[in-house]
Amino acid sequence: MSEAVIVAVARTPIARSHKGSLVDVDAFRLARTAVTAAIGRSGVPAEDFDDLVLAESLQGGGVIGRYVAVEAGLEHLPGLADNRHCAAGLSAVQIAAGSIMAGMDKVVVAGGTESLSSMPWTLKSIPASARDHQRWMSPSHPATPQAPPWDMPLTVGENTARLAGVSREQADAWAVSSHLRAAASVAEGRFADEIVPVTLPDGSLFTTDEHPRADTTQERLAGLPVLHPELDGAVVTAGNSAGLNDAAAALVVVSGDYARAHGLSPLARIVSWGSVGVAPERTGLAPTLAVPKAVERGGLKLSDIDLFEINEAFATVAVACSRELGLDHDIVNVNGSGCGLGHPIAATGARMVVTMIGELRRRGAALGCVSMCAGGGMGSALVLEAL
């Protein structure tokens with residue numbers, strides 16, 4: 001079986017949706033920026049690429065991977081769009097690695113893109129014969145009182161808090177840590193090598209993640225109202241939830257044989273991955289199954305992993321999953337995650353891989369695992385070895 005190694009990465013800075021720097025830059029332009037940067041950094045000739053796998057979540061369908069391939073001058077690539085909501089960017093990397101490890105492809109660019117600022121809305125008539133078209137979004141799972149499809153603060157955040165016994169104080173404390181860690185990473189320039197600037201409509205460059213708040217305190221978060229005040233002991237607030245964000249990320253994945261034959265220096269090897277489904281109301285706990293699955297598939301133990309990122313769709317998820325897996329906070333989300341750095345939905349999984357590679361190499365560490373839950377009761381994890 002072929003090895004799948006990553007030889008180049010790139011991501012855009014992460015902006016706040018609707019009111020941030022990328023409000024007028026759509027998901028297609030963001031993807032083109034990250035993809036072309038990753039390809040350029042790889043040193044791989046354009047004609048050697050076999051495919052482009054690009055995650056999207058709320059961009060209205062279509063084959064965004066093909067669109068970006070054509071726009072980037074790679075018309076020979078068929079392109080593929082994958083959608084596993086929050087885990088879509090991670091799935092794109094898994095799809096690319098799987099094709100390479102199976103010996104079907106040698107060079108694939110994979111990633112994800114999200115612009116919540118410019119996401120489209122769909123109109124649908126129910127029943128169709130009524131011809132009364134209302135705003136509609138395709139649900140990730142059938143609705144139940146415990147898991148409404150479009151109420152993630154309840155379906156994921158609050159359910160996780162109750163299932164795992166996470167308190168408001170614990171969730172707020174984790175969110176504060178996320179903001180402070182992300183802000184420190186930005187200030188120290190830890191992301192400088194992975195970020196590619198985005199040219200804005202006015203010609204200026206957007207260069208720095210803008211979501212982290214260095215002045216966040218637990219006292220400030222404690223003063224925020226809960227999002228579901230009708231629930232006794234509600235935990236989830238805007239402050240301990242992931243941000244609404246815009247960004248894109250991309251990686252060039254090649255076979256080990258291709259890298260050796262062309263004198264490329266891999267950044268990391270994709271060791272293993274695993275994805276799971278759980279009941280929708282247990283979505284936030286999906287990483288507790290996906291992480292062990294991915295680690296075991298790599299012939300490893302949890303104790304072998306040096307660093308973890310469990311995306312903070314809500315702080316309750318990271319608190320609960322770290323506790324269930326027995327992980328020390330010192331090695332989880334060391335650069336912040338969804339709460340502090342932001343969560344551009346379909347881009348986040350790929351962004352996590354990009355950042356994990358940089359952090360492993362910065363520390364001289366070997367193994368990292370990135371994981372996330374996704375709406376509808378999905379979870380995914382991927383193990384990396386820095387080279």
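All heavy atoms count here, side chains included; hydrogens, waters and symmetry mates do not.
Within the 4.5 Å cutoff, the side chain of Arg135 has no heavy atoms near those of the Lys124 side chain. Here the side chains of Glu219 and Leu221 are not in contact, with every heavy-atom distance at 4.5 Å or above. Between Leu231 and Arg162 the shortest side-chain heavy-atom distance falls below 4.5 Å. For the pair Val44 and Tyr258, the minimum side-chain heavy-atom distance is below 4.5 Å. Using a 4.5 Å heavy-atom cutoff, the side chains of Leu80 and Leu54 are not in contact.
Distance alone, capped at 3.5 Å, is enough to place a donor-acceptor pair between the Ser17 side chain and the Asn245 backbone.
Val9 pairs in a side-chain contact (heavy atoms from CB on, under 4.5 Å) with only one of the listed residues (Leu267, Val353, Thr355, Val196), which is Leu267.
Donor-acceptor pairing under 3.5 Å is recorded for the side chains of Asn333 and Glu312. Counted by atom type alone, Asp257 and Ser255 present zero donor-acceptor pairs between their side chains at under 3.5 Å.
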Verdict with reasoning, His211 to His179, per ring pair (Phe, Tyr, Trp, His ring centres under 6.0 Å): CA-CA 8 Å; His211 189 77; His179 275 280; 5.8 Å; yes

Glu385 vs Arg269, salt bridge (Lys or Arg N to Asp or Glu O under 4.0 Å): CA-CA, chis, key distance, verdict: CA-CA 5 Å; Glu385 179 186 21; Arg269 177 175 71 94; 2.9 Å; yes

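Aromatic ring orientation, Trp150 versus His85: perpendicular (interplanar angle above 60°, classes split at 30° and 60°).
Of the inter-residue distances, the one linking Ile195 atom CD1 with Arg190 atom CZ reads 13.0 Å to the nearest 0.5 angstrom. Here the CZ atom belonging to Arg11 is positioned 12.5 Å from the CE atom belonging to Met352, to the nearest 0.5 angstrom. Atoms CG and CD1, on Leu30 and Ile14 in that order, are 11.0 Å from each other to the nearest 0.5 Å. Atom CG of Leu123 sits about 11.0 Å away from atom CH2 of Trp136, to the nearest 0.5 Å. Here the SG-CE distance, from Cys373 to Met378, works out to 9.5 Å after rounding to the nearest 0.5 Å.
Residue pairs satisfying the salt bridge (charged side-chain N to carboxylate O under 4.0 Å, His left out) criterion with at least one member in residues 28-43, sequence neighbours excluded, are listed as follows: Arg32-Glu71.
Counting all heavy atoms, side chain and backbone alike, Gly340 lies closest to Ala182 at C-CB, 3.9 Å.
Qualifying side chain to side chain contact (heavy atoms under 4.5 Å, CB included) partners for Pro197, counting only residues two or more places apart in sequence or in other chains: Leu205, Thr207. Shown here are the side chain to side chain contact (heavy atoms under 4.5 Å, CB included) partners of Met356, two or more places apart in sequence or in another chain: Leu307, Glu309, Leu360, Val370, Leu384.
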